[in-house]
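Structure first, then comments.
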Amino acid sequence: MPYEKELSHEVFEKFQELIYHEIGINLSEHKRTLVQTRLRKWLIKFELNSYSELYEKIADDKSDQMLIMLVNAITTNVTSFFREDSQWIYLLQNIDTMFDRENKRIRIWSAACSSGEEPYSILMFLKEHLNDFHKWDIKILATDISENMLQHAQNGIYEEKNMQSIPKHMKYKYFIPAIGKNGGKAFAIKDELKKYIIFRSFNLVTGDYTIFKNKFDVIFCRNVMIYFDRKTQDQLLFEFTNLLRKGSRVFVGHSESIQNKKLNYKLVSPSIYQLK
Ligand SMILES: C[S@@+](CC[C@H](N)C(=O)[O-])C[C@H]1O[C@@H](n2cnc3c(N)ncnc32)[C@H](O)[C@@H]1O
């Protein structure tokens with residue numbers, strides 16, 4: 001079936017607006033070719049003739065799944081176990097003072113958890129380094145906008161080639177051998193670790209932050225704010241201030257930062273902010 005070759009400026013503008021309102025991503029004009037390339041295969045897949053038909057299909061989709069596929073097409077889900085070395089060193093140095101020792105309670109939010117490497121790293125870290133791990137009440141909330149990523153995270157199966165950053169002794173302690181996607185070697189996270197993590201879908205831009213009933217000791221919000229404009233970043237960092245205890249931390253990606261002084265965070269280590 002012949003399909004439109006070029007994503008026109010007018011239709012691109014409609015996509016820009018939709019993406020900004022629903023996901024908070026500000027796509028600049030120079031991303032037009034990228035979007036066109038990524039969406040071309042959708043025209044074929046859904047047997048559509050034009051980008052404007054595709055726009056209507058996405059905008060009309062009540063389940064939001066098309067929108068999420070669109071996010072996946074323009075952002076990346078790249079992640080890894082124990083990403084950003086210096087942040088794990090900071091955690092190790094501060095583990096005795098960061099959490100509520102009196103109530104022995106830890107609440108951590110991995111706010112764009114992708115395929116789960118981040119929340120599982122947090123849990124393995126706590127298992128390795130927290131004294132009396134079993135005496136603590138620990139919950140990690142892991143959210144993402146993408147249902148596919150959450151499904152992957154919940155399955156907890158990882159190709160061996162993507163597990164290089166896990167120390168060998170930990171790999172065998174916390175995972176069991178499994179079969180990967182194409183029959184390759186993989187490992188599955190043990191069920192005993194999964195029980196500490198709650199996986200949920202949550203859109204950081206349009207989500208309702210009043211659903212969170214507990215305060216967090218740490219929020220990991222890494223490598224996702226980079227897609228949002230400053231206003232959207234400030235808005236979600238403001239929402240976080242209501243969800244953190246005084247002195248709690250936000251971990252961001254190494255190319256992200258909190259600029260707005262009014263938000264009451266102070267930088268305590270590279271890419272780590274503490275609520276004043
Ligand atoms: C590059 S990954 C970061 C994964 C992990 N935090 C890390 O640093 O390794 C970015 C993730 O953000 C998610 N994402 C993009 N926009 C989002 C939004 N508006 N709300 C929630 N998650 C979003 C994507 O689905 C993707 O899984």
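One-based numbering, in listed order, for ligands and for the atoms of each. Please read all numbers here as calculations on a predicted model, not as lab measurements.
Of all protein heavy atoms, the one closest to atom 8 (O) of ligand 1 is Asn223 ND2, 2.7 Å. Considering only non-hydrogen protein atoms, atom 7 (C) of ligand 1 sits nearest to Arg83 NH1, 3.1 Å. Scanning the protein heavy atoms around atom 26 (C) of ligand 1, the nearest turns out to be Asn77 ND2, 3.3 Å. Here the heavy atom of the protein found nearest to atom 2 (S) of ligand 1 is Thr76 O, 3.5 Å. Closest to atom 4 (C) of ligand 1, if we only count protein heavy atoms, is Ala112 O, 3.2 Å. Residue, atom and distance of the protein heavy atom nearest to atom 23 (C) of ligand 1 are Ile145 CG2, 3.4 Å. Among protein heavy atoms, the minimum distance from atom 11 (C) of ligand 1 is reached at Asp144 OD2, 3.7 Å. Protein heavy atom at the shortest distance from atom 20 (N) of ligand 1 is Leu204 N, 2.9 Å.
Using a 4.0 Å cut-off to heavy atoms of Asn203, the atoms of ligand 1 that qualify are 18 (C), 19 (N), 20 (N). Ligand 1 places these atoms under 4.0 Å from at least one heavy atom of Glu118: 5 (C), 6 (N), 7 (C), 8 (O). Of all atoms in ligand 1, numbered sequentially from 1 with element shown, those under 4.0 Å from a heavy atom of Thr79 are 4 (C), 5 (C), 7 (C), 9 (O). Heavy-atom contacts of Ser114 reach the following atoms of ligand 1: 4 (C), 27 (O) (cutoff under 4.0 Å). The atoms of ligand 1 that sit less than 4.0 Å from any heavy atom of Phe202 are 20 (N), 21 (C).
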Test side-chain contact (heavy atoms from CB on, under 4.5 Å) on Asn26 and Phe228; report intermediate values, then the result. CA-CA 6 Å; Asn26 223 345; Phe228 307 149; over 6 Å; no
Go through the steps for Phe81 and Tyr120 under the test ring pair (Phe, Tyr, Trp, His ring centres under 6.0 Å), then give the verdict. CA-CA 8 Å; Phe81 288 101; Tyr120 289 128; 7.3 Å; no
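Phe220 does not count as a contact of ligand 1, since none of its heavy atoms falls under 4.0 Å from the ligand.
Contact annotation: for Val78 versus ligand 1, heavy atoms closer than 4.0 Å belong to the backbone alone. Both the backbone and the side chain of Arg222 come within 4.0 Å of ligand 1, counting heavy atoms alone. Counting heavy atoms closer than 4.0 Å to ligand 1, residue Ile23 contributes atoms from both its backbone and its side chain.
In this pair, Phe251 and Phe220 present their aromatic rings tilted. The plane angle is within the 30 to 60° band. Note: Phe212 and Tyr209 have tilted aromatic rings, judged against thresholds of 30 and 60 degrees for the angle between ring planes. Ring-plane geometry between Tyr265 and Tyr273 is classed as perpendicular, the angle between the planes exceeding 60 degrees on a 0 to 90 degree scale with a lower cut at 30.
Phe99 is connected to Tyr196 through a chain of hydrophobic side-chain contacts under 4.5 Å among Ile, Leu, Val, Met, Phe, Trp and Tyr, so both are in one cluster.
Looking at Glu17 and Lys14, no side-chain N of the basic residue comes within less than 4.0 Å of a carboxylate O on the acidic one, giving no salt bridge. Salt bridge status for Arg249 with Asp217: absent, with no side-chain N to carboxylate O gap under 4.0 Å.
The nearest pair of heavy atoms linking Leu275 to Arg245 is CD2-O, 3.8 Å. What you find for Trp42 and Ala73 is that their closest heavy atoms are CZ2-CB, 4.3 Å.
Tested against Trp109 for a side-chain contact (heavy atoms from CB on, under 4.5 Å), the candidates Asn214, Leu243, Ile198 yield a single pass: Leu243.
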